[in-house]
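Here's the structure we're looking at; comments come further down.
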Amino acid sequence: MDFDLSPQQQQRVDHMRAGAGKLPATEPDGIAGKDSWLAAAELGMTGLCLPTEHGGGGLGALDTALCLEAFCAGGADTGLAFGIAAHLLACGTVLADHAGEPVRAELLQGLASGTVVAANAMTEDDAGSDLSRLTTTAVADGDSYVLNGRKSFVSNAPLADVFITYAATAPSAGYLGMSAFAVPRTLPGLQVGSLLAKMGLNGCAAAQVEFTDCKVPGRYLLGPENQGNSVFQRSMTWERACLPAIYLGAMEGQLAQCVDHARSRKQFGRSIGNFQAISHRLATMKLRLETSRLLLYRACWYLDQGRPAVEAAALAKTAVAEAAVANALDAVQVFGARGCLAADGIGQQLQNAIPLNIFSGTTEMQREVVAKSMGL
Amino acid sequence: MATQTREDISSQLLTFIRESFLAGDPEGELDADTPLLELGILNSLNTAILVAHLGEDYGVHVPLIDVTATTFKSVRTLSELVHESLSRK
Ligand SMILES: Cc1cc2nc3c(=O)[nH]c(=O)nc-3n(C[C@H](O)[C@H](O)[C@H](O)COP(=O)(O)OP(=O)(O)OC[C@H]3O[C@@H](n4cnc5c(N)ncnc54)[C@H](O)[C@@H]3O)c2cc1C
């Protein structure tokens with residue numbers, strides 16, 4: 001077991017970290033636009049784990065996670081990083097593994113270069129944790145499929161050029177009767193709704209997406225018909241293992257902010273970091289960051305080894321999610337009133353952390369996965 | 001184990017599904033031909049529980065690729081799957 005990064009990994013991480021600090025400034029908590037995406041693409045962020053033959057970085061899960069972490073540790077907006085991670089992990093991996101040529105080459109090239117933004121559209125009003133009864137349907141019509149239905153929460157939708165979506169092709173087969181599709185935004189019958197106002201991750205715009213008699217050519221079917229569930233589950237394992245790494249980077253920056261503040265802020269004639277109530281709080285924050293980081297690296301390593309990674313990814317996501325919320329609460333407390341004011345962005349970190357307990361499968365569902373894998 | 005008939009397996013699976021997923025099925029609605037996937041009785045979570053149960057109670061390990069709309073359609077098709085695997089042992 002070797003806990004050091006290789007020289008090559010270190011170089012990559014340093015590159016991302018330094019580049020993240022030079023991204024174009026956005027409005028605080030404003031939506032990241034195409035310019036931010038293209039600047040991140042320059043760094044290689046939008047293609048990390050995509051195949052090299054289509055302009056991607058060809059990285060495995062662990063190296064992808066290291067880059068996502070470094071991007072946020074270097075100061076990139078968590079919302080932008082979330083959008084890019086979803087584009088890569090919930091969409092790019094699916095296209096790389098399941099799209100047929102020429103769709104695969106066409107889209108992956110665009111995803112890697114950041115000129116094509118991808119969004120994942122699974123969740124519906126009545127299908128959140130339980131995906132057994134999707135109401136979006138896809139009916140074969142010649143060599144096309146006609147899609148109808150509404151997806152209720154699609155991150156990146158306002159900016160996206162292509163949607164990875166799932167629809168029932170054999171409704172009598174429940175969750176085993178769905179298929180995966182790539183749907184270009186330009187197809188008639190696809191409509192992106194208005195911007196959804198959210199509590200956090202504002203750098204990543206979200207909207208609903210509606211399909212009305214949207215005719216999707218058969219070449220955009222991803223994987224075999226009715227295999228959408230396994231396509232989706234595989235992408236979620238990638239997302240659960242790698243995406244929380246953005247929060248590891250954010251937590252690292254947050255902890256450094258807290259340590260600085262604890263050393264410089266004086267009350268009762270000394271730095272507040274001299275009070276054990278504060279210093280132990282910071283020690284606990286570090287403990288949460290380091291333990292959840294190890295679990296995440298391990299889950300990614302399992303994926304890279306081709307070992308079953310579902311449980312490891314569930315453990316990693318849960319650990320990072322709970323660490324991120326607990327640390328964000330502690331950060332507010334350490335900063336006192338400044339933690340409650342918008343200027344330092346401390347409160348916003350909490351609002352960015354909470355959704356990690358919800359998206360890509362809630363924390364409760366991750367505990368279910370862990371419980372099941374113990375035979376309960 | 002090897003002497004279990006399809007009917008034995010079927011009635012055991014009915015009991016398991018009733019108790020695990022249907023709060024005991026007080027209305028007695030579940031039978032061997034009830035479409036489990038179509039009605040959402042088998043969703044991803046319940047299917048995982050069922051697959052674990054087949055492994056533990058019957059020693060039948062169903063790989064993900066064999067979890068399909070055909071094999072998991074009803075208690076009848078499931079009993080068939082279990083019976084076949086047991087008779088191959
Ligand atoms: C910031 C953000 C971004 C998102 N981006 C996307 C996206 O890009 N694409 C997309 O398709 N979706 C996206 N989603 C939606 C997300 O995937 C769903 O919100 C999530 O799967 C949970 O579904 P739900 O909100 O319907 O909650 P529900 O399933 O209604 O759950 C409500 C509560 O009940 C609990 N619960 C439900 N079932 C069980 C059970 N069996 N056991 C124990 N507890 C249970 C849940 O854990 C939760 O606490 C996003 C969500 C957020 C917050």
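All chains are named by letter (A, B, ...) in the order of the sequence lines, taking the proteins before the strands, and each is independently numbered beginning at 1. Here the structure is a predicted model, which means the values were calculated and not measured.
Of the inter-residue distances, the one linking A/Y175 atom OH with B/T47 atom OG1 reads 3.0 Å to the nearest 0.5 angstrom. Rounded to the nearest 0.5 Å, atoms OG (A/S132) and CG (B/L36) are 12.0 Å apart.
For a residue to count as touching a neighbouring chain, one of its non-hydrogen atoms must lie under 4.5 Å from one of that chain's; by this rule B/V51 does not touch chain A. Contact of B/T68 with chain A is made through the backbone alone, with heavy-atom distances under 4.5 Å. If you measure heavy-atom distances from B/L39 to chain A, the contacts under 4.5 Å come from the backbone alone.
Identified by a heavy-atom distance below 4.5 Å to chain B, the contributing residues of residues 358-374 of chain A are A/M365, A/E368, A/K372, in residue-number order.
At a threshold of 4.5 Å between non-hydrogen side-chain atoms, the residues B/V67 and A/L176 count as touching.
Top candidate by heavy-atom pairs under 4.5 Å with chain A, chosen from B/G55, B/S44, B/A48, B/A52, is B/S44.
Listed here is the closest heavy atom pair of B/A69 and A/A173: CB-CB, 3.3 Å.
Heavy atoms from other residues, nucleotides or ligands lying under 6.0 Å from CZ of A/R104 number more than 12.
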